There are 2 protein chains.
Amino acid sequence: MSGCKAEHCPCGAVCPLQVALKRIGGKWKIPILCVLSSGEGIRYNELMKKVTGITNTMLASSLKELEKDGLITRVQYNEMPIRVEYFITEKSLSLMPAMQMLAQWGME
Amino acid sequence: MSGCKAEHCPCGAVCPLQVALKRIGGKWKIPILCVLSSGEGIRYNELMKKVTGITNTMLASSLKELEKDGLITRVQYNEMPIRVEYFITEKSLSLMPAMQMLAQWGME
DNA sequence: CTGAATCCGTGCCGATACTG
DNA sequence: CAGTATCGGCACGGATTCAG
């Protein structure tokens with residue numbers, strides 16, 4: 001921890017803390033991961049309902065970034081009408097202990 | 001975790017994860033806490049140097065919020081010229097394990 | 001149903017100047 | 001030395017509309 005400066009430490013390496021917080025940062029990513037943390041596949045409009053207050057724009061862009069970072073998986077079933085389900089990944093699940101500790105800390 | 005929605009869960013309670021991330025959110029709070037995590041008192045202009053890239057405005061406002069949230073302590077020595085030192089608190093130190101885990105996760 | 005595209009307001013953050 | 005005050009840019013996020 002010591003010596004950590006902004007995104008880059010004086011040694012020139014990227015601070016892993018900042019890297020982590022960038023991946024799950026923003027207003028909606030954690031709420032989305034929380035909803036998916038049950039492990040079940042959840043559809044787009046289900047997420048719209050369960051992540052209270054989120055808009056189309058933010059849900060779509062958040063899902064895209066989360067998938068790009070390997071934190072969720074998108075599965076498309078080519079039925080008619082088209083159906084898509086999102087799943088949480090192992091990488092996200094391995095983050096949960098840290099989130100639990102943070103939440104614990106948030107409760108004082 | 002499950003059922004967490006934005007800042008408020010459907011049960012009406014505030015999500016402790018969001019509470020935690022709000023306290024240490026923003027661009028500079030974690031870097032500041034990292035520098036202070038050694039436990040030594042550090043002066044204002046020392047922080048300016050050690051937290052690379054931070055401006056007067058952001059350092060002052062970040063310190064004020066961190067103190068308000070009980071994450072740092074401000075100690076003023078009424079010498080001439082005036083001297084101020086900032087210290088990390090127990091509350092911040094209790095956050096470090098979670099930060100360590102997050103950093104670990106950030107390194108994959 | 002699952003998004004993409006566009007426009008736009010707000011708030012974070014940076015730069016600069018000033019104060020006790 | 002240790003901050004405030006003020007202004008402004010820009011990215012994040014919100015609302016609406018459109019598309020496959």
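Remember, predicted model here, so these are calculated numbers, not experimental data.
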All N/O donor-acceptor pairs, side-chain side in residues 87-95 of chain B, below 3.5 Å, sequence neighbours left out:
residue, atom, partner, partner atom, Å
B:Thr89, OG1, B:Gly70, O, 2.8
B:Thr89, OG1, B:Leu71, O, 3.1
B:Thr89, OG1, B:Ser92, N, 3.4
B:Lys91, NZ, B:Asp69, O, 3.3
B:Ser92, OG, B:Leu71, O, 2.6
B:Ser94, OG, A:Trp105, NE1, 3.2
B:Ser94, OG, B:Lys91, O, 2.7

- Task: Determine, for nucleotides 5-20 of chain D in 5'-to-3' order, which nucleotides have protein heavy atoms under 4.0 Å from the base (write B), from only the sugar-phosphate (write S), or from neither (write -).
- Result: B-------SSBB----

- For DNA chain C, what residues of residues 61-80 of chain A have any heavy atom nearer than 4.0 Å?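 Under 4.0 Å from DNA chain C: A:Lys64, A:Arg74.
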
- Item | Residue pairs, two or more places apart or on separate chains, that pass salt bridge (charged side-chain N to carboxylate O under 4.0 Å, His left out) and touch residues 35-45 of chain A |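 Those involving residues 35-45 of chain A do not exist here.
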
Output the distance between atom [atom1] ([X]) and atom [atom2] ([Y]), rounded to the nearest 0.5 Å.
{"X": "B:Glu46", "Y": "B:Tyr86", "atom1": "CD", "atom2": "OH", "value": "12.5 Å"}
{"X": "B:Ser61", "Y": "B:Lys29", "atom1": "OG", "atom2": "NZ", "value": "8.0 Å"}
{"X": "A:Lys68", "Y": "A:Glu65", "atom1": "NZ", "atom2": "CD", "value": "6.0 Å"}
{"X": "A:Leu36", "Y": "A:Ile42", "atom1": "CG", "atom2": "CD1", "value": "5.0 Å"}
{"X": "A:Ile32", "Y": "A:Met58", "atom1": "CD1", "atom2": "CE", "value": "8.0 Å"}

- Taking only residues two or more places apart in sequence or in another chain, which ones pass side chain to side chain donor-acceptor pair (under 3.5 Å) with B:Tyr44?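 For B:Tyr44 the side chain to side chain donor-acceptor pair (under 3.5 Å) partners, ignoring immediate neighbours, are B:Asn56.
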
State, yes or no, whether a side-chain contact exists between [X] and [Y] at a heavy-atom distance under 4.5 Å.
{"X": "A:Val35", "Y": "A:Leu33", "answer": "no"}
{"X": "B:Ile82", "Y": "B:Tyr77", "answer": "no"}
{"X": "A:Gln18", "Y": "B:Pro31", "answer": "yes"}

What is the distance, to the nearest angstrom, from the [atom1] atom on [X] to the [atom2] atom on [N]?
{"X": "B:Met48", "N": "C:dT16", "atom1": "CE", "atom2": "C1'", "result": "13 Å"}
{"X": "B:Ile32", "N": "C:dC13", "atom1": "CD1", "atom2": "P", "result": "11 Å"}
{"X": "B:Glu46", "N": "D:dC1", "atom1": "CD", "atom2": "P", "result": "11 Å"}
{"X": "B:Lys49", "N": "D:dC1", "atom1": "NZ", "atom2": "C1'", "result": "11 Å"}

- Axis deviation across the helix from C:dC1-D:dG20 to C:dG20-D:dC1, five-pair ends, to the nearest 10°: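 About 40° separates the two local helix axes.
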
- Pairwise 5' ranking along DNA chain C for A:Ala60 and A:Pro81, keeping only the more 5' one: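 The residue mapped nearer the 5' terminus is A:Pro81.
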
- Does the side chain of B:Tyr86 get closer than 4.0 angstrom to OP1 or OP2 of D:dG3 through an N or O atom?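 For D:dG3, OP1/OP2 do have a side-chain N/O of B:Tyr86 under 4.0 Å.
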
- Message: Tell me whether the side-chain N/O atoms of B:Arg43 come closer than 4.0 Å to OP1 or OP2 in D:dC1.
- Response: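 Negative; the distance criterion is not met.
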
